[in-house]
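In what follows, every heavy atom counts, from backbone to side chain, and hydrogens, waters and symmetry copies are set aside.
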Amino acid sequence: MAGLDPENWEDLRALGHRMLDDMLDNVKTVAAGPVWQPMPESVRQGFHDVPLPQSGAPVEQLYHQFTQQVLPYAVGNRHPRFMGWVHGGGTPQGMLAEMLAAGLNANLGGRDHAPVEVERMVIRWTASMLGFPETATGVLVTGSSMANFIGVITASRAVPAGVKMRAEGIQSRRLVGYAGQTAHGCIARAFDLAGLGTDALRRVPMDAAFRMDMDALRSMIAEDRAAGFEPFLVVGTAGTVDTGSIDPLADLAAFARDEGLWFHVDGAFGALARLSAEYAPALAGMEQANSIALDFHKWAQTPYDAGCIIVREEGKQAAAFAQSLAYLAREDRGLAAGAPWFCDLGPDLSRGFRALKVWFTLAGFGTDGLGEVVTRSCAVARYLAARIDDTPCLELLAPVTLNIVCFRVVVENEDLDTLNGELVKDLHESGIAAPSTTTLHGKRAIRAAIVNHRTTEQDADILLNALLDLAETRTGKTLHRASAETLPA
């Protein structure tokens, strides 16, 4: 063996081809198996009992362990009836891009090499896709949690004398920001990690459609200013996790501009609704934001992980993150050329080649293809909502804005919160479907998020039929279902 390379390249090549064929077959037939299945305790314990290896094992053995102990017990989001949380389904093309990127083993923190140019191209495409100027800056990150964190940091450094905080800390400044009550938890976490404190994030009440209440926002900012606080940021959500609702982005953009606030949009999954001609109008105003966070691993179906932050005004990101270090000196030529580097736009110096799979996704399917995924996902959600409306023992709990449907099973003389929570766990363990849960207006909701490009109306039917069967088994009661004549066409 020369270093860690194999002694027999042909044996490794043959195994690699088998791995590739096996995984392609697995993805191709994923709908035929269970969405998820519980991991046997013997398998779980096997991971706990293995000591740190001192001598190496052949890769054939490791692959066998993968097929027996990992592959059958994955989270299941490739399956068309995975409807929990907000997970994309991935694509075979993205899987191949991951293989190529791993083989190249590039570090995209900086320096002058082609992978950096691929990411610059992807960032430029993303800016254009969102209605930002091509001069906008951005960086690919793990996901919207990190992207929103970078957005909060960038906004806090954009206030008057804000750059001084990089050296001096927040000191006595009383910076406060605003987001809707249903904003993702990563916004509050960003305030925590930024040293602002979670109390500095004001949670604005929502209206009946789960959108930020503009009158409440105005009142809160006026009260904070009168009390000596320094408002600097308002966060609008394009697609809330609970219900898929969209804050009044155009109103927020105008308000933030008038008030001198940084307007940031958390578009983790909903920002890509802009690619659908049918749903793009719902995002009007997003293109006026100062920054936008989004994920390619959700509606764009890029394999995990692939988040992104885009900042409208060139120089703002660098002002928040760039460093001057002797061992990272930029040169006018050679490998150390090519400034600015991506490490100047976020906290990471070591960065993988995420841009390759995003490139394969955007170039391979085009904005038209990805927009059709959005349109079809929302159509399936509308179909599911229509079936719920036509089924007497089901209750829709929120308007269906995009692709998320929140509902519950209603059975007389049952604790409905407990019943619906248990039914979701029953569904998971059945392997038939995997929605998640949330709480809306104090009611436990079954939450179906249609994100996977493989999901169809038939999958919605299978979900509801299995749910009602399980409800009858659990309660011992016959439920009133919709007749065939009333079902949506």
Can you list the residues that meet the salt bridge (charged side-chain N to carboxylate O under 4.0 Å, His left out) rule with [X], with sequence neighbours excluded?
X: R203; result: none
X: R225; result: E259
X: R189; result: none
X: E472; result: R481

Worksheet item: What residue pairs, at least two apart or across chains, pass salt bridge (charged side-chain N to carboxylate O under 4.0 Å, His left out) with a residue in residues 81-90?
Response: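 Every salt bridge (charged side-chain N to carboxylate O under 4.0 Å, His left out) pair that includes a residue of residues 81-90, provided the two are not neighbours, is R81-D459.
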Item to complete: Name all pairs fulfilling the salt bridge (charged side-chain N to carboxylate O under 4.0 Å, His left out) condition that reach into residues 119-131, sequence neighbours left out, sorted by first residue then second.
Response: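 Counting only pairs at least two positions apart or across chains, the salt bridge (charged side-chain N to carboxylate O under 4.0 Å, His left out) contacts touching residues 119-131 are E117-R120, E119-R351.
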Considering only distance and modelled atom types, tabulate donor-acceptor pairs under 3.5 Å from the side chains of residues 231-243, sequence neighbours left out.
from, atom 1, to, atom 2, distance (Å)
T240, OG1, T243, OG1, 3.3
T240, OG1, G244, N, 3.3
T240, OG1, S245, N, 3.1
T240, OG1, S245, OG, 2.9
D242, OD1, T438, OG1, 2.4
T243, OG1, S245, N, 3.4
T243, OG1, S245, OG, 3.3

Expected list for residues 17-27: side-chain donor-acceptor pairs under 3.5 angstrom, two or more places apart:
from, atom 1, to, atom 2, distance (Å)
D22, OD2, Y63, OH, 2.6
N26, OD1, R78, NH1, 2.6
N26, OD1, R78, NH2, 2.8

Worksheet entry | Counterpart residues, side-chain contact (heavy atoms from CB on, under 4.5 Å), relative to E313 (two or more places apart) |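 Per chain and number, E313 pairs via side-chain contact (heavy atoms from CB on, under 4.5 Å) with K316.
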Discussion item. Restricting to side-chain contact (heavy atoms from CB on, under 4.5 Å), what partner residues turn up for P38, sequence neighbours left out?
Written reply: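 Scan of P38 (side-chain contact (heavy atoms from CB on, under 4.5 Å), adjacent residues dropped) gives W36, E429.
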Discussion item. Could you tell me if D295 and S144 have a donor-acceptor pair between their side chains, going purely by distance under 3.5 Å?
Written reply: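 Distance-only check passes for S144 and D295.
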Fill in: Under 3.5 Å side-chain donor-acceptor pair for T475 and E414
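Per modelled atom types, T475 and E414 side chains form no pair under 3.5 Å.
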Discussion item. Are the side chains of L362 and F296 in contact, using a 4.5 Å heavy-atom criterion?
Written reply: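 Yes, at least one pair of side-chain atoms sits under 4.5 Å.
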Fill in: Contact check, side chains of T437 and N420, non-hydrogen atoms, under 4.5 Å
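No, too far: nothing below the 4.5 Å cut-off.
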Item to complete: Would you check if the side chain of K443 reaches a backbone N or O of L397 as a donor-acceptor pair within less than 3.5 Å?
Response: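 Answer holds: no.
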Worksheet item: Is the side chain of T67 donor-acceptor paired with the backbone N or O of H64 at a distance under 3.5 Å, no angle test?
Response: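 Answer holds: yes.
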Practice prompt. Could you note down all residue pairs passing ring-ring contact (aromatic ring centres under 6.0 Å, His included) where residues 401-425 supplies at least one of them, sequence neighbours left out?
Written response: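 Qualifying pairs: none.
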Worksheet item: Got a sec: does the CG of D49 have more than 12 other heavy atoms crowding it under 6.0 Å?
Response: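 Enclosed: over 12 neighbouring heavy atoms sit under 6.0 Å from CG of D49.
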Discussion item. Other residues, nucleotides and ligands only: do more than 12 of their heavy atoms fall within 6.0 Å of CD on Q458?
Written reply: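 Open: at most 12 neighbouring heavy atoms sit under 6.0 Å from CD of Q458.
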For residues 83-95, which side-chain donor-acceptor pairs fall under 3.5 Å, sequence neighbours excluded?
from, atom 1, to, atom 2, distance (Å)
T91, OG1, G94, N, 2.9

